[in-house]
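Please read the structure below before turning to the comments.
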Amino acid sequence: MVRKWAGRAVLFYILFVAVMYWYIFYGADTSIPQALRGTAADPATFLNARELKLSEEYSGLRNFLFFVSTPYEWLMYFFVLLFGFSKAFEKSALGTSKRKVIQTGIYLFWLSVVSYLALFPISFIGYRMSKSYHISTQSFSSWMKDEVIDFWVNFGMMFIIVSVLYWLMKKSVKKWWLYAWLLSIPFSLFLMFLQPVLIDPLYNEFYPLKNKELETEILALAAQAEIPAEHVYEVNMAEKTNALNAYVTGIGSNSRIVLWDTILNKLEEDEILFIMAHEMAHYVEKHIYIGIAGYLGMTLVGLWLTSKIMNYFIRRWGHMLKIHSVDSISSLPLFLLITGVLLFASSPLSNYVSRYQETRADRYAIELTGDKESAITTFQELTRAGLSQVNPPLLVKWLRYSHPTMLERISTVENDDTKDY
């Protein structure tokens with residue numbers, strides 16, 4: 001029976017990967033619509049032939065790697081259950097200590113090590129691919145340092161979450177999902193408050209913007225938008241990547257607007273001000289708090305569905321998966337498998353909401369700066385620096401894109417005479 005289910009799982013995975021390979025490299029239409037050819041949204045007008053070729057290659061490979069790695073992780077969790085590894089980890093933990101918290105830590109450590117080793121080849125392929133296309137500038141030792149930090153940060157977070165989660169399962173088999181959701185609210189807010197000052201600095205160095213003249217311009221823009229900002233932060237990313245990025249992070253007094261130094265190195269001042277205005281829009285329109293509310297709503301539904309699916313799977317296939325009850329720590333891979341699938345299934349909705357907010361932010365930035373030209377050249381430079389596909393396959397857009405495509409962003413700005421900015 002185990003071989004039968006393992007064979008079916010592998011066959012399904014191979015078929016899925018084959019279908020996605022055909023779709024990404026042969027089936028999907030990524031050409032520029034006839035009506036937009038020759039416009040600012042057409043990559044042929046701002047990328048040379050080599051850049052066009054590389055952007056299509058790199059985007060295709062990156063998208064394919066995403067569709068390879070996502071079900072691969074689910075397959076890994078399934079095999080950890082099917083071949084008894086999870087049960088063996090539980091026995092090891094139970095035989096080492098009688099204290100529940102230590103048992104949880106030991107089990108989670110073994111599961112984390114196996115997961116990391118199983119997923120490492122895909123992570124390494126992604127790293128090597130970005131290096132070969134000159135997106136990443138990071139040395140292997142620096143990349144491995146980030147990987148080690150990732151491992152221990154994730155382990156620490158998971159230890160807290162799993163310890164509380166399985167304690168709740170033992171206390172209430174039927175309503176653990178509700179109590180877990182209630183506790184997730186203050187925990188999520190606390191993490192968002194701490195992330196800019198505790199977690200992010202583990203990976204990179206953050207400091208107030210060095211260019212004081214530019215900072216004055218940005219703060220003047222913030223004052224115009226009625227944002228009580230005192231500092232804009234930059235982060236040293238040039239030693240790791242050639243890509244460009246800026247973002248808003250944190251909540252309350254720890255909220256920050258952050259610029260990668262690659263933006264400062266590659267963009268003109270007007271383009272930087274447009275990006276800053278875009279990020280300010282997220283603050284003005286309360287997108288962070290709307291995002292938190294949406295995340296908590298989806299978490300509630302997700303935990304409820306997970307509890308129902310876990311109970312069903314354990315009743316029907318618990319013997320085969322070596323799980324005797326929901327509150328057994330050996331059921332954790334099943335929990336992670338189900339939540340992973342649910343997150344993937346919900347990504348078109350969450351990405352749609354995010355794209356809508358990003359469109360709003362673009363419009364606000366143009367209204368605040370009154371500079372359409374800088375908006376267009378910024379989007380073009382973002383495309384060039386990241387070798388982004390201007391018009392990605394539709395399925396890729398639904399499942400991967402939290403921002404509108406560059407085709408949409410540039411054409412919207414270029415045709416904004418019909419828009420109410």
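For the numbers below, each heavy atom of this structure counts, side chains included, while hydrogens, waters and symmetry mates do not.
- From M280, atom CE reaches atom OH of Y283 across 11.5 Å, with rounding to the nearest 0.5 Å.
- Nearest heavy-atom pair across L221 and L273 is CD2-O, 3.5 Å.
- Contacts classified as side chain to side chain donor-acceptor pair (under 3.5 Å) and involving residues 341-350 (residues at least two apart or in different chains) are not found.
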Derivation of the side chain to side chain contact (heavy atoms under 4.5 Å, CB included) call for E73 and I122: CA-CA 10 Å; E73 185 173 0; I122 289 180; over 6 Å; no

Verdict with reasoning, Q389 to V396, per side chain to side chain contact (heavy atoms under 4.5 Å, CB included): CA-CA 11 Å; Q389 204 167 22; V396 171; 5.8 Å; no

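- A heavy-atom distance below 4.5 Å is found between the side chains of L264 and L209.
- A side-chain contact (heavy atoms from CB on, under 4.5 Å) with T378 holds for exactly one of I275, L244, I410; it is I275.
- Under the 4.5 Å side-chain criterion, counting only non-hydrogen atoms from C-beta, E414 is not in contact with L36.
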Candidate pair F64 and V17, rule side chain to side chain contact (heavy atoms under 4.5 Å, CB included), full reasoning: CA-CA 8 Å; F64 180 62; V17 169; 3.7 Å; yes

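- Within the 4.5 Å cutoff, no side-chain heavy atoms of L182 are placed close to those of F187.
- Contact check for I106 versus F89: no side-chain heavy atoms found under the 4.5 Å cut-off.
- Other residues, nucleotides and ligands contribute only 12 or fewer heavy atoms inside 6.0 Å of the OH atom of Y295.
- Nearest heavy-atom pair across A238 and T262 is CA-CG2, 3.7 Å.
- Two residues are said to be in side-chain contact when any heavy atoms from C-beta on lie closer than 4.5 Å; D362 and T412 fail this criterion.
- In this structure a side-chain-to-backbone donor-acceptor pair under 3.5 Å is present from Q380 to A40.
- For F151 and F120, the ring centers sit 6.0 Å or farther from each other.
- Among residues at least two apart or in separate chains, side chain to side chain donor-acceptor pair (under 3.5 Å) pairs with a member in residues 296-318 are Y312-R316.
- Side-chain atoms of S184 come within 3.5 Å of backbone atoms of W181 as a donor-acceptor pair (strictly under, hydrogens ignored).
- If you take CG on D261 and CG on N265, they are separated by 5.5 Å, rounding to the nearest 0.5 Å.
- Salt bridge status for E285 with R363: absent, with no side-chain N to carboxylate O gap under 4.0 Å.
- Residues H278 and E358 bring a donor and an acceptor atom of their side chains to less than 3.5 Å of each other.
- Not one N or O on the side chain of K322 forms a donor-acceptor pair closer than 3.5 Å with the backbone of A88.
- Note: Y364 OH to E279 CD = 12.5 Å, rounded to the nearest 0.5 Å.
- Using modelled atom types, no side-chain atom of R409 and backbone atom of H403 make a donor-acceptor pair closer than 3.5 Å.
- Across all their heavy atoms, A385 and I135 have their closest contact at O-CD1, 3.4 Å.
- Judged purely by atom type and a 3.5 angstrom limit, R355 uses its side chain to pair as donor or acceptor with the backbone of Y401.
- The shortest side-chain heavy-atom distance between N351 and R400 does not fall under the 4.5 Å cut-off.
- Sorted by first and then second residue, the side chain to side chain donor-acceptor pair (under 3.5 Å) pairs with a member in residues 7-28 form an empty list; sequence neighbours excluded.
- Side chain of S59 to backbone of L387: a donor-acceptor contact under 3.5 angstrom is found.
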Pair up each side-chain donor or acceptor in residues 335-345 with any protein partner under 3.5 Å, not counting sequence neighbours, and list the distances.
from : atom 1 : to   : atom 2 : distance (Å)
T339 : OG1    : F335 : O      : 2.9
T339 : OG1    : L336 : O      : 3.1

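- Judged as a side-chain contact (heavy atoms from CB on, under 4.5 Å), and not counting sequence neighbours, K98 has no contacts.
- In plain terms, the two heavy atoms of S388 and S55 that are nearest each other are O-CB, 3.8 Å.
- Under the side chain to side chain donor-acceptor pair (under 3.5 Å) criterion, T369 pairs with no residue, sequence neighbours left out.
- In this structure, Y352 places its OH atom where only 12 or fewer heavy-atom neighbours from other residues, nucleotides or ligands lie under 6.0 Å away.
- Between Y72 and L119, some side-chain heavy-atom pair lies under the 4.5 Å cut-off.
- E234 contributes a side-chain N or O that, together with a main-chain N or O of K210, makes up a donor-acceptor pair within less than 3.5 Å.
- Each side chain to side chain donor-acceptor pair (under 3.5 Å) pair with one or both residues in residues 113-140, not counting sequence neighbours, appears once here: E57-Y133, Y116-E147, Q138-S142, Q138-D146, S139-S141.
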N/O donor-acceptor pairs under 3.5 Å from side chains in residues 152-167, not counting sequence neighbours:
from : atom 1 : to   : atom 2 : distance (Å)
N154 : ND2    : D150 : O      : 3.1
S163 : OG     : F159 : O      : 2.6
Y166 : OH     : S331 : OG     : 2.9
Y166 : OH     : L332 : N      : 3.0

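- To the nearest 0.5 Å, atoms CD1 (I292) and CD1 (I185) are separated by 11.0 Å.
- Partners of E239 under the side chain to side chain donor-acceptor pair (under 3.5 Å) rule, at least two apart in sequence or in another chain, do not exist in this structure.
- Residue W74 qualifies as enclosed at atom CH2: its count of foreign heavy atoms under 6.0 Å is above 12.
- Annotation: side chain of T30 is not in contact with side chain of P392 (no heavy-atom distance under 4.5 Å).
- Counting heavy-atom neighbours within 6.0 Å of F140 CZ, excluding the residue itself, gives a total above 12.
- When the side-chain contact (heavy atoms from CB on, under 4.5 Å) test is applied to I125, the partners found at least two apart in sequence or on another chain are L65.
- When atom types are taken as modelled, the side chain of N391 and the backbone of I32 share no donor-acceptor pair closer than 3.5 angstrom.
- Between the CD1 atom of I263 and the CD atom of E381 there is a distance of 10.5 Å, given to the nearest 0.5 Å.
- For S86, the side chain to side chain donor-acceptor pair (under 3.5 Å) partners two or more places apart in sequence, or in a different chain, are Y107.
- Summarising the geometry of V390 relative to T405, their closest heavy-atom pair is O-CB, 3.5 Å, with the distance given to 0.1 Å.
- Taking K87 as the reference, E90 meet the side chain to side chain donor-acceptor pair (under 3.5 Å) condition, with sequence neighbours excluded.
- Atom OG1 of T377 is separated from atom CZ of R384 by 10.0 Å, given to the nearest 0.5 angstrom.
- Here the closest heavy-atom approach between residue S354 and residue S402 is recorded as OG-O, 2.7 Å.
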Test side chain to side chain contact (heavy atoms under 4.5 Å, CB included) applied to M237 and N245, step by step: CA-CA 9 Å; M237 290 298 296; N245 195 23; over 6 Å; no

